[in-house]
Student: 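Questions regarding the structure given below will be posed in turn.
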Amino acid sequence: MPIVPTQEILARAFRDRYGVAAINVINDLSMEAVLAAAEELRAPVIVQTSVKHVQMTGIDATYAMWVAYASKASVPAALHLDHCPDRKVISDCLARGWNSVLFDASRLSVEENQRQCIEVVEEARRYGALVEGEIEGFKRTEEMTGGEAEDVQSLETVVRFVGATGVDVFAPAIGNAHGTYRTAPRLDAGRVTDIVAATGKPVALHGGTGMSAGQFADLISRGCAKVNISTALKVAYLSAGFDYLTAHPGEFDPPKVFAAQRAAVKDMAERHIRMFGSEGRAWQ
Ligand code: 13P
């Protein structure tokens, strides 16, 4: 049971309108802590890897770690490759066993993105893997200008892209961004409703760190079945290490620092799982 297709995890969440936490991990400790949080709350979960961290650790080591931890879990879990513009990394991860990938060709024209995305979907299908697509790209929070509404594509373009490529989930720009929001983000929730109604597919919510419980609940009820969290994990992990060392000057005992970091990451993951309504949603 533990490792299940991302399609199955998202289909149930989309149908029953809860959000699955899709949390970017950075190493073995954070991967184990996220899975432990899901296990404790009986929640399905998506563990995300960024291209940077896959390359830092290596595909084989990352996957071996995943199998070692996830095969012990008793809740549904899937491994996802986040924002990847590199076709070779996508191919390598799919061949190795990742359950899903986000092909991020948002820097290309929509036409070229669509052409390549069709190939990625075809490749992923051979492995039973899911593909997430995007055409708008996400800013970092520090780059937000307030004029983001002008950067989005029309609903017609989104529908054409989703239909032509067959992507399973679409990641729209709705005023969200990666990083730490300086002020509460103003999100175009209506765009989620329109995209879900027009495509019949779930939406992936990016830039989750710093959104409010009310924003999550509203967006999830509209069809955001996959909710991405990355910055919150980095902050929890690194701050816990810093705080521990600051509170224990001169004590350089790695297991104690790691225990504090694990607890902080697990707590962060549990907080988000609860907010997304996926607690208790694991199935047998
Ligand atoms: P945050 O870093 O803002 O949580 O965004 C996560 C994300 O969308 C990863 O793709």
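Order of appearance sets the numbers: ligands from 1, and atoms from 1 within every ligand. Residue numbers run from 1 in the order of the sequence given.
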Student: What residue and heavy atom of the protein are closest to atom 4 (O) of ligand 1, and at what distance?
Tutor: T209 OG1, 2.5 Å

Student: Going by the side-chain contact (heavy atoms from CB on, under 4.5 Å) test, name the single residue among V101, V89, N99 that passes it with L94.
Tutor: V101

Student: Could you go step by step and tell me if W98 and Y127 meet the ring pair (Phe, Tyr, Trp, His ring centres under 6.0 Å) rule?
Tutor: CA-CA 9 Å; W98 263 249; Y127 301 100; over 10 Å; no

Student: Which residue and non-hydrogen atom of the protein lie closest to atom 2 (O) of ligand 1, and at what distance in Å?
Tutor: T231 OG1, 2.5 Å

Student: Going by an N to O cut-off under 4.0 Å, is there a salt bridge joining R125 and E122?
Tutor: no

Student: For E251 and Y244, which I'm curious about, is there any donor-acceptor pair between the side chains at under 3.5 Å?
Tutor: yes

Student: List ligand 1 atoms under 4.0 Å from A177, heavy atoms only on the residue side.
Tutor: 3 (O)

Student: Could you tell me whether R191 and D188 make a salt bridge, using a distance below 4.0 angstrom between a side-chain N and a carboxylate O?
Tutor: no

Student: How about W66 and T49: does a side-chain donor come under 3.5 Å of a side-chain acceptor?
Tutor: no

Student: Quick check on contacts: which atoms of ligand 1 are under 4.0 angstrom from a heavy atom of S230?
Tutor: 1 (P), 2 (O), 4 (O), 6 (C)

Student: Thinking salt bridges, do K266 and E270 make one under a 4.0 Å N-O criterion?
Tutor: yes

Student: What protein heavy atom sits nearest atom 9 (C) of ligand 1, and how far away is it?
Tutor: D82 OD2, 3.1 Å

Student: When only distance counts, is G179 in polar contact with ligand 1, meaning an N/O pair under 3.5 Å?
Tutor: yes

Student: Is G207 in polar range of ligand 1, meaning some N or O pair under 3.5 Å apart?
Tutor: yes

Student: Within a distance under 4.0 Å of any heavy atom of G208, pick out the atoms of ligand 1 and give their elements.
Tutor: 3 (O), 4 (O), 5 (O)

Student: Is it the case that the side chains of R17 and S221 hold a donor-acceptor pair, with the cut-off being a distance below 3.5 Å and no angle test?
Tutor: no

Student: Does any N or O of ligand 1 fall below 3.5 Å from an N or O anywhere on Q48, backbone included?
Tutor: no

Student: Could you find the nearest protein heavy atom to atom 7 (C) of ligand 1 and give me its residue, atom name and distance?
Tutor: H178 CD2, 3.3 Å

Student: Looking at H83, which atoms of ligand 1 are within less than 4.0 Å of one of its heavy atoms?
Tutor: 10 (O)

